[in-house]
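Here is the structure we will look at, set down as structure tokens.
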Amino acid sequence: MSDQDKLRLCQMLAKREIPIIEDDIYGDLQHAGPRPRCLRAFDENVILCSSFSKTIAPGLRLGYIAPARWKDRVMRLKQTTTLANAGLPSYALAAYLREGGYERYLRKARGIYRQQVNHMRELLAHALPEGIALSKPQGGFVLWCELPPQIDAVQLSRSAQRSGISIAPGPLFSPRGEFSNFMRINCGYRIDAKIENAVMTLGKLAKDFLRRRG
């Protein structure tokens, strides 16, 4: 979303007194150039959330929230649901951020994810049937893939699981079950021979599905 559209969105909802909850989990992982500005940069009443589990390590399970004028309510909800986070990981992360380790890590991680996303796009374009469409993200480590309309992504996912391959079918990302021929691919793991073989297997399953549908 452009900065101009972000500003328009904030102004439109502020006029109607509708709060925005901004989930910015991939904002630190831009592939090139400056970091995208958060909605919070345009309106201090935006509730900004993010997570270090998506950038540093999945097992960390630590994130943050800038709750604006809802701070007291958010703190009460936090205390009544999870009480508190584990202290040691929180203190260690705070020191990591304070001493600049996080920024040094991000400079390396951004380049790695850019390479892995581009590599995965090439593998999928070669392995999957003709007529697919692939997103070209400017950050993060996931790809959105549109399959031929005859392919049911949920059924393809079940077939892939039997071969030890995990994909996220499109209907998971729609409250109305849309995107039935879409799938999301995680590019966060280092691509090796095992992953390359898994992509080839996924391509064969998709082509077999397409042949059965005629």
Side-chain angles (χ1 to χ4, degrees), residues 1 3 6 10 19-121 135-144 161 164-168 172-173 184-196 198-199:
M1 187 183 295
D3 283 354
K6 290 176 184 177
C10 289
I20 301 174
I21 301 176
E22 182 176 14
D23 185 5
D24 190 52
I25 57 173
Y26 296 113
D28 286 340
L29 295 178
Q30 78 274 16
H31 290 171
R35 188 197 192 284
R37 297 176 73 186
C38 301
L39 292 174
R40 180 64 181 264
F42 300 92
D43 187 341
E44 63 180 13
N45 286 317
V46 171
I47 301 172
L48 174 64
C49 308
S50 191
S51 172
F52 295 106
S53 298
K54 298 294 185 182
T55 51
I56 298 177
L60 193 57
R61 314 315 300 167
L62 284 173
Y64 62 87
I65 181 171
R69 57 191 173 94
W70 293 275
K71 178 182 177 181
D72 291 342
R73 184 175 178 185
V74 167
M75 291 298 291
R76 287 196 299 271
L77 288 170
K78 170 68 174 175
Q79 291 168 357
T80 56
T81 53
T82 59
L83 295 180
N85 294 333
L88 183 58
S90 299
Y91 285 122
L93 177 59
Y96 188 59
L97 296 171
R98 186 172 55 250
E99 295 170 8
Y102 184 57
E103 285 300 325
R104 291 192 296 272
Y105 161 78
L106 285 177
R107 286 195 289 271
K108 181 178 179 181
R110 288 164 183 152
I112 291 173
Y113 286 137
R114 181 179 66 249
Q115 294 174 4
Q116 292 185 179
V117 166
N118 290 336
H119 190 179
M120 182 62 77
R121 291 183 83 252
S135 64
K136 192 173 183 181
Q138 301 304 302
F141 47 80
V142 294
L143 282 172
W144 189 239
Q161 285 180 342
I165 301 168
S166 176
I167 62 172
L172 286 178
F173 306 97
R184 195 183 77 166
I185 301 292
N186 186 334
C187 311
Y189 295 99
R190 188 175 299 276
I191 296 176
D192 55 15
K194 182 179 179 180
I195 289 182
E196 290 179 350
V199 173

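For reference, positions follow the sequence shown, starting with 1. We use all heavy atoms of the structure for the numbers below, so side chains are in, but hydrogens, waters and symmetry mates are not.
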(message) For residues 25-39, which residue pairs pass the side-chain hydrogen bond (donor to acceptor under 3.5 Å, both in side chains) check, not counting sequence neighbours?
(response) D24-R35, D28-R35, D28-Y102, Q30-R110
(message) Quick check for you: to the nearest 0.5 Å, what is the distance between L62 atom CG and S50 atom OG?
(response) 12.0 Å
(request) Working to the nearest 0.5 Å, report the span between CD1 of I56 and OG of S51. (result) 9.0 Å
(request) Return yes if some donor-acceptor pair links the side-chain N/O of E22 with the main-chain N/O of V46 below 3.5 Å, else return no. (result) no
(message) Can you tell me how far apart CG (L39) and CG (N45) are? Round to the nearest 0.5 Å.
(response) 12.5 Å
(request) To the nearest 0.5 Å, tell me how far I167 CD1 sits from N186 CG. (result) 12.5 Å
(request) Applying side-chain contact (heavy atoms from CB on, under 4.5 Å), name anything that partners A92, two or more places apart in sequence or on another chain. (result) none
(message) For C49, give me all partners under side-chain contact (heavy atoms from CB on, under 4.5 Å), at least two apart in sequence or on another chain.
(response) I21, I47, I65
(request) Check the surroundings of atom OH in Y105: do more than 12 heavy atoms from other residues, nucleotides or ligands lie under 6.0 Å from it? (result) yes
(request) Flag yes if more than 12 heavy atoms outside E44 fall under 6.0 Å of its CD atom; otherwise flag no. (result) no
(request) For side chain to side chain contact (heavy atoms under 4.5 Å, CB included), just list the numbers for H119 and R190, CA-CA rounded to whole Å, side-chain angles, deciding distance to a tenth of an Å, and then say yes or no. (result) CA-CA 10 Å; H119 190 179; R190 188 175 299 276; over 6 Å; no
(request) Check Y113 against G140 and note the closest heavy-atom contact, atom names and distance. (result) CB-O, 3.8 Å
(request) Considering non-hydrogen atoms only, spot the tightest contact between I195 and I191 and give its length. (result) CD1-CA, 4.1 Å
Donor-acceptor pairs are to be reported for all side-chain atoms of residues 93-101 against protein atoms at under 3.5 Å, with residues two or more places apart or in another chain.
residue	atom	partner	partner atom	Å
Y96	OH	G101	O	3.2

(message) How long is the straight-line distance from CZ of R114 back to CG of L29, given to the nearest 0.5 Å?
(response) 12.0 Å
(request) Could you list the residues that satisfy side-chain contact (heavy atoms from CB on, under 4.5 Å) with Q161, not counting sequence neighbours? (result) S157
(message) Using the side chain to side chain donor-acceptor pair (under 3.5 Å) criterion, which residues pair with R76? Sequence neighbours excluded.
(response) none
(request) Sort and list the pairs that fulfil ring-ring contact (aromatic ring centres under 6.0 Å, His included) and have at least one residue in residues 56-90, not counting sequence neighbours. (result) F52-Y64
(message) Could you tell me if the side chain of Q116 sits less than 4.5 Å from the side chain of M120, heavy atoms only?
(response) no
(message) Nearest 0.5 angstrom please: Q79 CD to T82 OG1, how far?
(response) 9.0 Å
(message) For N118, give me all partners under side chain to side chain donor-acceptor pair (under 3.5 Å), at least two apart in sequence or on another chain.
(response) none
(request) Sequence neighbours left out, what passes ring pair (Phe, Tyr, Trp, His ring centres under 6.0 Å) with F173? Give chain and number order. (result) W144
(message) How about NZ on K6, more than 12 heavy atoms from neighbouring residues, nucleotides or ligands closer than 6.0 Å, or not?
(response) yes
(message) Can you pull out every side-chain hydrogen bond (donor to acceptor under 3.5 Å, both in side chains) where at least one residue sits in residues 83-95? Sequence neighbours excluded, please.
(response) K78-N85
(request) Measure across P36 and G27 and return the closest heavy-atom pair with its distance rounded to 0.1 Å. (result) CD-O, 3.7 Å
(request) Taking side-chain contact (heavy atoms from CB on, under 4.5 Å) as the test, write out the residues that go with A32, two or more places apart. (result) none
